[in-house]
Amino acid sequence: MIRVSEKEKINWLEWGKEAFDKAKNENKPILLDISAVWCHWCHRMDQDIYSDPIIAKTINEGFIPIKVDTDKRPDINERYNQGGWPTTAFLGPDGELIAGATYVPPEQMKALLPQVKYFYGSQKRSTRSIVQKPQYKEGEISEQITKDVVEYLKDNFDAVYGGFYYEPKFPMPEAIELAILLYRKTQDKVFLQMAKTTLDGMTGIYDQVEDGFFRYSVRQDWSLPHYEKMLEVNAGLLRNYVTGFALTGKEEYRKIAMGIVKYIRTKLFDKAFCGSQDADEDYYALRTREEREKMKEPYIDKTIYTNWNGKCIAAFLDAYVVFEDAALLQDAEKAVEFLIKYCYDQKRGMCHYYDGQQNVFGLLSDNIWAMAALLKMYQVKSEKKYLDIAESIANYIDKHLKDKKGFFDRVQEEELGMLKERNKPIMENSVAAMVFADMEKLTGNEEYGKTAKGCLSIFAQDYKVYGVHSAIYALATEKFLDPIHIAVVGSEKEKSGIKKLIAIPDTRIIAQFLDEEEDNKQIKKLGYGKGVFICKGKTCQRTETVDEAIGKLGK
């Protein structure tokens, strides 16, 4: 019989060289726990399994336990996630995967640990995870890409409740954005109905008491939320409802958008935008504010994730130009200035910021979403410093993350375990393609356009495997193939009109104000005179006023 203290706790280590060296020196397998502060089943894993003294003793004696937060280390999660959170992965001392699961019930864990230990002991010399290096096959970037993705949207659209796929049902902001863009382009009401049905249906996972959206619905009809609230999800949906209002004028969409803003301001703002709020079924089951005030509110993760902040800043700016609420601009400015001051380094790009200091430099997602926020801020405020910093970040990732075509997800500074394998994620490369396509238009530098093309071409044969999730790739393809660059050339009094152009619900549009005197060199380089220029491809059409330009764009 095992003698064990009731107070036995797992001696968790951080991911790093020390933990891997310990595994090698002690000849033990690694237990990797990937969790998140907002994750209900991760808390259950800690409470039900890792708090069990017998399990804790078994792990301490036979394994090297490493705990990783998925939001702080998305690069590790990308390589080891076993289908959700928590992820329970067993690794060899070199980081090779031996076995993996998600939530493991107590009795199952008690049986699993000795099995893994035995397998490792008997097979350790031949234990190597079978990891196939991804093959990036180049292809042609054509309109066929969007046509294919449209078929995925149509095939998987829930015409009754809105959204895509069945249950559990997650919001898919990029799919809604693509439907809205396609309606703008084609006037096909199938796409308008797709967007409206989804925007209407998703209100089932909206918190009617404290505002904001929950992460997803357990049921197909959006009637049973899973109660964590994520900044990333709310930022994406804020843009959707702002765009939905700009397109339809439906007042309910404005109300929901401003409700998201209220939630983020109230719960997820601390110097910049914070990560998430925990799930608590008992708390959210209470139907009134007064009832909830009697309970301790769910935990809020105050971590400043640069990628999520970039997405939220851009969404707040979208809301600002559509609703003309100056407070939205002020919030976005505070957040972007925080990122510049605390998360930006001219030589190392952007980083995550937590524990009062800079952490984890060199993630592609942080850098490209920061660029997206900076370019949106440049469009709105016409202050060149934002474009300059975006260019600085572009130069950094071009030097440290770019291959011949496309970007890797992280710098090659740390080579522990599967971090040796360099991934090119389609989602982040799609965002990179969009921001680099915009950079080409804003600066006139054609090299940025070539980079955008490279980000897209390496997925042109494989995007189909992503189904509806390839919507963001289609959005990037549309921006690359059919960009709309609008330049307002004039004096300070014409400057305010730029907001009307950015407010048009069309992701292909990139707009900028050029001052006749201050931007004289760039104006000459681009070949503009005074007026509003709508440029598609190499062809530009001049109008006298912003309102005239909007009329030609068919708002």
Can a side-chain donor-acceptor contact be found between [Y] and [X] if the only test is distance below 3.5 angstrom?
X: N77; Y: N81; value: yes
X: E232; Y: Y305; value: no
X: E210; Y: Y283; value: yes
X: Y120; Y: N27; value: yes
X: W85; Y: T70; value: yes

Ring geometry between F273 and F269 (parallel below 30°, tilted from 30 to 60°, perpendicular above 60°)
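Rings of F269 and F273: perpendicular, over 60°.
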For the pair Y354 and H352, name the ring-plane relationship: parallel under 30°, tilted 30 to 60°, perpendicular over 60°.
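Plane angle over 60°, so perpendicular.
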Before accepting this row, confirm whether a basic side-chain N of the pair [X]/[Y] lies closer than 4.0 Å to the acidic partner's carboxylate O.
X: K376; Y: D318; result: yes
X: R410; Y: E78; result: no
X: K347; Y: D345; result: no
X: E61; Y: K57; result: yes

Heavy-atom count around [X] [atom1] within 6.0 Å, excluding the residue itself: above 12?
X: E18; atom1: CD; result: no
X: Q346; atom1: CD; result: no
X: E281; atom1: CD; result: no

Centre-to-centre under 6.0 Å for [X] and [Y], is that the case here?
X: H226; Y: F214; value: no
X: Y353; Y: F338; value: yes
X: Y466; Y: Y152; value: no

Any side-chain heavy atom of [X] within less than 4.5 Å of one from [Y]?
X: Y344; Y: I393; value: yes
X: D33; Y: P86; value: yes
X: W38; Y: K229; value: no
X: R79; Y: L419; value: yes

Tell me, with the steps shown, if K169 and D158 meet salt bridge (Lys or Arg N to Asp or Glu O under 4.0 Å).
CA-CA 10 Å; K169 184 176 277 185; D158 185 337; 2.8 Å; yes
Please give me the minimum heavy-atom distance between Y136 and R422, naming the atom from each residue.
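Minimum heavy-atom contact is OH-O, 4.2 Å.
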Kindly give the heavy-atom pair with the smallest separation between M202 and P171, and that separation in Å.
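That would be SD-CB, 3.8 Å.
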Worked check of ring pair (Phe, Tyr, Trp, His ring centres under 6.0 Å) between F213 and Y241:
CA-CA 12 Å; F213 276 88; Y241 282 94; 5.6 Å; yes
Test W15 against F20 for ring pair (Phe, Tyr, Trp, His ring centres under 6.0 Å), laying out the working first.
CA-CA 8 Å; W15 175 281; F20 277 81; 4.9 Å; yes
